[in-house]
Every structure is written in C-alpha cells, then in structure tokens.
Amino acid sequence: MRTILITGAAIAALAIGAFATGLPQAAAQQGERYAARGLQGAEHRGGPRGMRGDRRMNGYIRLRDQFDSNGDGAITQTEIDGTRDGQVTRFDTDGDGALSIEEYEALWLDAMRNRMIRRFQSHDRDGDGIVSAEEYRQRTRDLVLRHDRTGDGQLTIEDARRAGRSPRAQ
C-alpha cells in the first residue's frame with residue numbers, strides 16, 4: 001500500500017511539473033498586471049510566444065539575467081564566479097566566509113523566488129494576482145484519468161509500469 005501511495009505521488013508530481021512551464025494566455029496583458037504588483041523582470045517574460053516559447057532561450061535569458069554582470073549579453077566564468085562569491089558575501093551574516101544552514105536557507109529562498117513567482121503566475125490563469133482553489137486544481141483535474149493505464153479509477157504501481165506503453169482505450 002505504501003508503494004502505491006508513493007508511486008501515485010510521484011506520478012502526480014511529474015504531471016504537475018510537466019505542465020508548469022508558464023503563463024497560459026495574454027502574456028503581455030498579464031505582464032502589465034504583474035508589473036503593477038512588483039512581479040516583473042526575470043520572473044515574468046511575455047513576448048510573442050510567452051513562457052511557452054523555446055525553453056532553451058528562456059533558460060539562457062534566466063542565466064543572462066542572473067550572471068551577465070556587465071550587461072553585454074554574454075556570460076563568462078568570471079561573471080558567474082563573481083556573482084556566486086557576491087551571494088556568499090551577501091548571505092554570510094556572521095562574516096565567517098561560509099554559509100551555515102540558516103544562511104544558506106536565506107540564499108536558497110531568495111534564489112527560488114523567481115521560480116515561485118513563475119509557478120504562481122502559471123496557476124493564476126486569469127492574471128488577477130490571486131490563485132483561486134479552482135485555478136490551483138486545474139492542472140490535476142483529470143490526473144487519474146490521464147494516467148490510469150489499468151482502467152480501475154486509481155493510480156497504482158501497475159499504472160507506473162505501463163506508463164511507457166500507449167494509454168488504455170478511453
């Protein structure tokens with residue numbers, strides 16, 4: 001039973017992650033609304049293809065925003081090292097040149113803020129700056145139906161074993 005629950009949770013996590021790539025609609029319009037709330041810059045990218053555009057390009061843009069300290073559009077190892085050293089200095093509150101777990105937690109939370117904002121925006125389907133229960137449930141609405149390979153109405157280890165095969169007839 002424990003294996004079934006763990007497998008079901010793993011399938012759910014994979015399914016949620018697979019759909020967490022970005023803003024669903026009207027990226028420019030939502031960008032204006034989020035900018036008004038201070039959620040802008042690296043954490044929001046619209047454009048003609050929005051967040052569903054080329055993932056490699058989005059990845060490069062995030063790296064550029066984080067590490068291109070001289071603003072020339074290119075990232076050097078020196079810039080990366082300097083940024084990382086600056087982060088250690090910024091979060092090293094006791095000044096010992098190293099990060100304790102508490103100091104590292106603050107660094108990690110700061111670094112993950114952009115990811116959290118992107119995830120929030122992907123759930124906020126109408127762009128009103130609030131995630132309703134309905135919006136939050138949207139991605140998992142048909143999760144069992146989509147991944148139930150055995151047709152028994154639940155996710156089990158057998159569904160995970162059959163995941164690579166074609167889905168059952170609906």
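- Within the 4.5 Å cutoff, side-chain heavy atoms of I61 are placed close to those of M57.
- Counting heavy-atom neighbours within 6.0 Å of Y104 OH, excluding the residue itself, gives a total of 12 or less.
- Under the 4.5 Å side-chain heavy-atom criterion for grouping Ile, Leu, Val, Met, Phe, Trp and Tyr, I117 is not connected to L109 through any hydrophobic cluster.
- Rounding to the nearest 0.5 Å places CG of L63 at 11.0 Å from CG of N58.
- Residues R149 and R146 come closest through the heavy atom pair NH1-O, 2.7 Å.
- Under a 3.5 Å cut-off, the side chain of D81 and the backbone N or O of D85 do not form any donor-acceptor pair.
- Rounding to the nearest 0.5 Å gives a distance of 9.0 Å between CG of L107 and CE of M112.
- Atom CD of residue E102 and atom OG1 of residue T93 lie 8.5 Å apart, to the nearest 0.5 angstrom.
- The two atoms that bring E79 and A74 nearest to each other are OE1-O, 3.0 Å, heavy atoms only.
- Two residues are said to be in side-chain contact when any heavy atoms from C-beta on lie closer than 4.5 Å; D126 and D124 meet this criterion.
- Residues E135 and H123 approach most closely at CB-O, 3.1 Å, considering heavy atoms.
- Summarising the geometry, atom CG belonging to D159 is positioned 10.0 Å from atom NE2 belonging to H147; distances are rounded to the nearest 0.5 Å.
- The line from CD of Q138 to OG of S132 is 9.0 Å long, rounded to the nearest 0.5 Å.
- Side-chain contact between E103 and D94: present, with at least one pair of heavy atoms (C-beta onward) separated by less than 4.5 Å.
- If you take CD on Q77 and CZ on R84, they are separated by 10.0 Å, rounding to the nearest 0.5 Å.
- Hydrophobic clustering (ILVMFWY, side-chain heavy atoms < 4.5 Å, transitive): W108 and V88 are in one cluster.
- Defined by atom type and a distance below 3.5 Å, a donor-acceptor pair is missing between the side-chain atoms of Q87 and R90.
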